[in-house]
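Here is the structure we will look at.
Labels below follow one simple rule: chain letters A, B, ... track the order of the sequence lines, proteins then strands, and each chain is numbered from 1.
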Amino acid sequence: MIDLAQLRREPDFVKAALARRGVSHETMDAILELDSRHRRLLQEAESLRAQVKDLSRQVGEARRVKADDAAESLSTNSREIGERERVASEASDLVAADLRARLLMIPNLPSRETPDGLDESANVEVRRWWLGMDEGADFPTFMAHQRVAHWETARELGILDLEAGAKLAGSMFPLYRGDGSRLLRALSFFALDRHRDSYEEIRPPSVALTETMMSTGHLPKSADDMYEVPRDDLWLIPTAEVPLTSMHRGEILDEAVLPIRLTALTACFRREAGAAGRDTRGLLRVHEFDKVELFAYCTPDQAEAAHADILARAEGLLRELGLTYRVLELCAGDLGTSAARTIDLEVYSPGVDKWLEVSSVSWFRDFQARRANVRFRSARGTQFVHTVNGSALAWARVWAALVETYRQADGTVRLPEVLAPYFGDLTIRSKP
RNA sequence: GGAGGGAUGACAGAGCGGCCGAAUGUACCGGUCUUGAAAACCGGCGUGGGCUUGCCCACCGUGGGUUCAAAUCCCACUCCCUCCGCCA
């Protein structure tokens, strides 16, 4: 949630920032108008309530000295004012609810680093990396045997059964088998081990309450993108960011414990509403995938370094795996609701000849902390923490890129050496 | 699923209709004392909101209700603890 006080204090600045991501000035003016109406009604209600409290005190006093007539007339008076207070409060609450509902729909202010632009075409490519680049090698030329889509290779090798997944849960719910399933597990274990030095591993629930979804900004805006369990007021998590952000919901943390760095492996569920038919073959876009997430609660001063660390770790994994990737600075119009700044990592998948998003590293400033009410106490008083997070990494697409990149001329897949401790024999062959 | 107990400030723990936003202790911060520290003593010490910046309002698990007045009474819900049942 954006800071209402800031909107009041510097409306032009906030409106200009939000205009960069398509929020109209009229929308913000309506909020300011509601805010001032709310404050007027609130003042009225509060002053009436102050009168009721004062009279009630006098009633008590009168009773004590046995002045029953006085007590009776004071309490009648108080009852009448109480009626008016009730009316004023209801009016105030109504406006407050409207104001809050609108405020929850407003996205975060883009950071200074975020370039202008209304959609993904305006994202800025920051750099590319490929194996050997650091030694001066040119962008790789992929061989014909690497130009085979992962779903073809996977069928030949028997490591992915999309038909079976569709039978069980519908299309875009993949079922991995044999070495395909082992590869998935190897990747998660590999990543979690790499983060052990400074991130505490968490295994959160895979479902979250509506209230929890509100904290990260996934609700109310993105309800259509998520799976709901209405009977229990639960939602399947679209990312570990959801539970991790709410771990300290409502708490005031000691400055000394920050930054709190967490990592979690979870399944992620996404309905992908509105994306039907777009890049949906194989593992390009699926409803359920495993992801290792990195997350930090930090002070505003620590946020930049925490963001950079997550990005470096996500990139580090891709480099260790020897995959070709590029780094994109998202433009204002392509940012997620809660993000002030986001850097995406896209891996190059030679078989399908596409760049696939495998990580999104975001800085939320205090937007989520304000919603989740996570603060910290310091010498300068109590303030909201900053949250940052990023995938390291989302495995379905990495799995696809690995199978395509490391496909050999003989049709087998030879995985990179770093996976040896997690996978054993690195060659995936078709089983007789 | 059934029965009972509980939820109060950073923590422990009183209060059970009327100056209670809340006793007391611990922790924490400042001061006195001390060569220094500890102890002792003195003072301070929740969060958020509104406006005339001094005052007002809200918050005692959550949401309703009763009352002139609710941390205190009533109802519902959530979570925690104990016991019984069931179960991977």
For the ring pair A:His248 and A:Tyr297, is the centre-to-centre distance below 6.0 Å? yes
Distances for protein N/O vs nucleotides 62-64 of chain B N/O pairs under 3.5 angstrom?
none

Counting only side-chain N and O atoms of A:Thr382, is one of them less than 4.0 Å from OP1 or OP2 of B:U47? yes
Please determine, for B:C73, whether a Watson-Crick or G-U wobble partner exists with both distances under 3.5 Å, and give it or none. B:G65
Modelled atom types, side-chain donor and acceptor of A:Lys291 and A:Thr239, under 3.5 Å: yes
On the six-membered ring of A:Tyr406, is A:Arg414 placed so that its NZ or CZ lies under 6.0 angstrom from the centre and within 45° of the ring axis? no
What distance, rounded to whole Å, do you find between the two P atoms, one in B:C57 and one in B:A71? 13 Å
Going by purine N1 to pyrimidine N3 plus the second Watson-Crick contact, or the G-U wobble pair, all under 3.5 Å, which nucleotide sits opposite B:C28? B:G44
Pairwise P distance, B:G36 and B:A22 [rounded to whole Å]: 38 Å
Using the P atom as the reference point in each nucleotide, state the distance between B:A70 and B:C79 in Å, no decimals. 29 Å
Answer yes or no for A:Arg182 and A:Phe423: cation-pi contact, defined as NZ/CZ to six-membered ring centre under 6.0 Å and angle to ring axis within 45°. yes
How is A:Arg370 classified with respect to the nucleic acid when contacts are heavy atoms under 4.0 Å: base, sugar-phosphate, or nothing? nothing
Does a side chain donor of either A:Gln368 or A:Glu241 reach within less than 3.5 Å of an acceptor in the other side chain? yes
A:Tyr176-A:Asp161 side chain donor-acceptor pair, cut-off 3.5 Å: no
Minimum-distance nucleotide to A:Val59 side chain [options: B:G18, B:G46, B:C51]: B:G18
Distances under 3.5 Å only, N/O to N/O: pair up the protein atoms with those of nucleotides 57-61 of chain B.
residue, atom, partner, partner atom, Å
B:C57, O2', A:Glu46, OE2, 3.3
B:C57, O2', A:Arg49, NH1, 3.1
B:A58, OP2, A:Lys53, NZ, 2.8

Should the pair A:Phe173 and A:His287 be assigned to parallel (<30°), tilted (30 to 60°) or perpendicular (>60°) ring geometry? tilted
Using a cutoff of under 3.5 Å, can you pull out all pairs of nitrogen or oxygen atoms linking the protein to nucleotides 74-81 of chain B, with atom names and distances?
none

Do A:Ser78 and A:Ser75 meet the criterion of a side-chain donor-acceptor pair at a distance under 3.5 Å? no
For B:A37, which nucleotide is its Watson-Crick or G-U wobble mate, given both distances must be under 3.5 Å? none
What integer number of Å spans the C1' atoms of B:U52 and B:C56? 11 Å
Looking at every heavy atom in both A:Ser198 and A:Arg261, which two are closest together, and how far apart are they? O-CB, 3.4 Å
Closer than 4.0 Å, any side-chain N/O of A:Arg375 to the OP1 or OP2 of B:G48? yes
Roughly how many Å apart are B:C60 and B:C55, using the P atom of each and rounding to a whole number? 25 Å
Geometric cation-pi criterion, A:Arg365 with A:Trp363: 6.0 Å, 45°: yes
Heavy atoms under 4.0 Å, any strand shown: does A:Thr76 hit a base, just sugar-phosphate, or nothing? nothing
Strictly by Watson-Crick or wobble contacts shorter than 3.5 Å, is anything paired with B:G21, and which nucleotide is it? none
Could you give the CZ-to-C1' distance, from A:Arg86 to B:U67, as a whole number of Å? 12 Å
Starting at NE2 of A:His38 and ending at C1' of B:C51, how long is that distance when rounded to a whole Å? 14 Å
Between P on B:G49 and CE on A:Met1, what's the gap in Å once rounded to a whole number? 11 Å
Tell me: CD1 of A:Ile252 to P of B:G9, nearest whole Å? 12 Å
Answer with base, sugar-phosphate or nothing: what part of the nucleic acid does A:Ser56 contact at a heavy-atom distance below 4.0 Å? base
Looking only at heavy atoms, what is the nearest atom pair of A:Leu258 and A:Cys298, with distance? CD1-C, 4.2 Å
Side chains of A:Arg375 and A:Asn373: any donor to acceptor distance under 3.5 Å? yes
A:Arg40 CZ - B:U52 C1' separation (whole Å): 17 Å
Answer with base, sugar-phosphate or nothing: what part of the nucleic acid does A:Arg64 contact at a heavy-atom distance below 4.0 Å? sugar-phosphate
Measure the distance from CG on A:Leu55 to C1' on B:U67 and round it to the nearest whole Å. 15 Å
Rounding to the closest angstrom, what is the interatomic distance between B:U72 and B:C20 at atom C1'? 10 Å
Taking B:G49, B:A69, B:G18 as options, the one with an atom nearest any side-chain atom of A:Arg63 is B:G18
Whole-Å gap separating P (B:G46) and CD (A:Glu251): 20 Å
State the pairing partner of B:C83; accept Watson-Crick or G-U wobble contacts with both distances under 3.5 Å, and report none otherwise. B:G2
Got a salt bridge between A:Arg8 and A:Asp35, using NZ or NE/NH1/NH2 to carboxylate O under 4.0 Å? yes
Rounding to an integer number of angstrom, what distance separates B:A27 and B:C41 when you compare their P atoms? 12 Å
Minimal heavy-atom distance between A:Gly411 and A:Thr153, with the atoms involved, is O-CG2, 4.4 Å
A:Phe376 CZ to B:A10 C1', straight-line distance once rounded to whole Å: 17 Å
Taking the C1' atom in each of B:U78 and B:G63, what is the distance between them to the nearest angstrom? 10 Å
Can you find a side chain N or O atom of A:Arg79 that sits less than 4.0 Å from OP1 or OP2 on B:A69? no
